[in-house]
Amino acid sequence: MSFRLRVFGIVLLVAVAATSATAWLTLRQVTGQLRESAAADRQSITRITETLRAYGATRGTWEGVAGTVRDLAEETGQRIRISTGSQGQIADSDPLTGRDPRPGGTAPPLLVDPRPTLDLPETFAPGSLRKVTGSMIHDYSAGVTYAACLTRAGHTVTVERGKYAVPIFRDGGKTPGSGGGSASCAPAGFASAAVTQENHAATAVCRSRQTAALHSCLQRVFTERTAAVGPQPLTVRLGAVDDAGQTLAVGPTVVVAAGVAAAALACALLLSRAVLRPVRALTAASRGLGEGDLARRVPASGRDEIAELGRSFNRMAGSLQDSEERQRRLVGDIAHELRTPLANLRGYLEALRDGVLAADTELLESLHEEVLLQQRIVDDLQDLALAEAGALTYHRRTLDARELVEACRTAHSARAAAAGVTLDVVGAGPGTVRLHGDPDRLRQALGNLVGNAVRHTAPGGGVRLELSERGESVRIAVADTGSGIPAADVPHLFDRFWRADAARGRATGGSGLGLSIARQIVADHHGAVEVASEVGVGSVFTVVLPARESTARESTARESTASEPTALELPGSELPR
């Protein structure tokens, strides 16, 4: 998997886990606390309403209820305001608890009605219900008035459930009308004629309905007749706009946040380990590479970007090591090539200086030939160095490949004739084969191939230059009938200073740089050199060049800005350009 995808997956996993954990915790806390808050609110409302209803039902009046309201507010933490339709606001818990009144909340008001509801049996006959209703109204009117008097006088009132659920009010165990200190407060009662007339009217209205409807009607009549003497229904408003609601618990939030942070830290550590371990290996290897340890490599496994970086580093280290080896071999080859000729020159010059040899024409010619050989080696080295560095100057133009082949044959005809080798051109008939390149450099490359072919062909053999066009390429083949090249030596043909003759004698080869120079020149023309050889039959070196002028124009534009060639510097000497 790509390293970028792995990082993205880990970050996405952490983000999803953190979001999910936070959402789960928030939902759980909010749901639980809303449930607890709703239950607490219901308990508080029930507590407040039941206490107020008991106060009104026990005392028969709302006078003195302020203390109860204050106690309820302190107990439940609610702001309580109570009022009736006729008296308006009776009490407010804010002033009672010593604080300024606040704006009321948006919760709907609650209705507390302390008046009793008439409980009639299911088996009553309509006539009996009519008489009972009037009697119950009278009893309740007298009892509730008596209870109000007791409350105003500061007495404790007790209530008992009477017949048909009509309350019986008592003071110290005495019923109304039995005498005592509070007997003067007992009412004289209602006129029985008026009560009977009203009951007849109510009963006449309800007589045609079924028993259940009659019960409802009589209960309504009971409520209406007792409304004037009983405590009025109480409107209770709870809450204020600035009440601090419940907040989310901090403990679970901190625990989950710590868990998510720990998970993120663990993922970050794993990611950093996966990244930093190969980076540390690359750092150590590059430090060793800079100190000269070209054999250092880093382990590279996998298919992600880090592994590819490791493989690229190993390839770079391998290239540097190969380059270092080639440079060492080059220095050794150069020293080997120059040591023997220079030793010969030194010996001859010292002999001439000491008078051991006479400076005749033949000796001077031999010395001059040796100097020319060393000059040719140095020139070849300079050409090869410039070509490999991309600093070799090319003067490109459109040329005829047939003229190039003919010029090469003409330049090497004398040498071939002296060696007893025939040099022929095949396929150079009339017509023009267009190329785009530097004719002098191409002639140099082709001349190196022809010179090698003539050198390795025995007298009586032949060298053949074959020109052909194949598709968008031009092929120039140099075929000889020489001894051929063993298959094991073919990969080393283009190495610097390499020759098949292990003795490296001058009779069997030149400097060993010709093929390397030829291949580099052809490569700079976007071509290639192909080799086919068979021992005892001969060898064929084929130069393949592109015939398209567009490719050549691009290379011309790119190479026209190349700098002038510089001198090739060898250790301990300065050579002419």
Side-chain angles (χ1 to χ4, degrees), residues 43 45-65 68 71-72 82 84 110-183 185-190 192 195-196 198-199 202-203 206 211-234 236:
Q43 293 177 357
I45 293 173
T46 302
R47 170 69 174 159
I48 293 170
T49 55
E50 291 299 326
T51 302
L52 293 175
R53 181 178 291 107
Y55 184 92
T58 302
R59 291 167 175 77
T61 182
W62 296 118
E63 293 182 11
V65 76
T68 302
D71 295 340
L72 289 173
I82 59 174
T84 62
L110 304 174
L111 185 64
V112 176
D113 190 353
R115 296 173 299 183
T117 301
L118 191 61
D119 186 10
L120 299 176
E122 297 290 338
T123 59
F124 265 165
S128 299
L129 290 175
R130 179 178 59 200
K131 296 177 181 180
V132 170
T133 301
S135 176
M136 294 302 103
I137 293 173
H138 174 270
D139 292 343
Y140 178 74
S141 298
V144 77
T145 304
Y146 174 62
C149 291
L150 290 176
T151 301
R152 293 187 184 98
H155 288 249
T156 301
V157 180
T158 60
V159 181
E160 296 179 2
R161 179 181 175 90
K163 191 176 182 180
Y164 307 123
V166 177
I168 299 175
F169 299 91
R170 297 184 184 277
D171 178 16
K174 298 179 181 180
T175 58
S178 63
S182 300
C185 294
F190 291 95
S192 59
V195 172
T196 303
E198 290 176 356
N199 286 336
T203 304
C206 301
T211 302
L214 180 59
H215 287 187
S216 176
C217 178
L218 294 177
Q219 290 172 351
R220 185 172 65 253
V221 172
F222 176 82
T223 301
E224 291 173 355
R225 293 296 180 266
T226 58
V229 293
Q232 297 294 313
L234 193 65
V236 181

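Sequential numbering from 1 along the given sequence is applied to the chain's residues.
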side-chain contact (heavy atoms from CB on, under 4.5 Å) between Thr158 and Arg170, worked out: CA-CA 5 Å; Thr158 60; Arg170 297 184 184 277; 3.4 Å; yes
Straight-line distance of [X] [atom1] to [Y] [atom2], nearest 0.5 Å:
{"X": "Arg47", "Y": "Ile45", "atom1": "CZ", "atom2": "CD1", "value": "14.5 Å"}
{"X": "Tyr55", "Y": "Leu72", "atom1": "OH", "atom2": "CG", "value": "11.5 Å"}
{"X": "Thr49", "Y": "Asp113", "atom1": "OG1", "atom2": "CG", "value": "12.5 Å"}

Please give me the minimum heavy-atom distance between [X] and [Y], naming the atom from each residue.
{"X": "Gly56", "Y": "Pro114", "result": "C-CB, 3.6 Å"}
{"X": "Val159", "Y": "Pro167", "result": "CG1-CB, 3.6 Å"}
{"X": "Leu111", "Y": "Pro233", "result": "CD1-CB, 3.8 Å"}
{"X": "Ala57", "Y": "Phe169", "result": "O-CE2, 3.5 Å"}

Check: Arg115 main-chain N/O paired with Tyr140 side-chain donor or acceptor under 3.5 Å: no
Between Arg53 and Val112, is any pair of side-chain heavy atoms under 4.5 Å apart? yes
Could you walk me through whether Val65 and Leu52 satisfy the side-chain contact (heavy atoms from CB on, under 4.5 Å) test, starting with their C-alpha distance in whole Å, then the side-chain angles of each, then the deciding distance to 0.1 Å, before giving a yes or no? CA-CA 8 Å; Val65 76; Leu52 293 175; 3.9 Å; yes
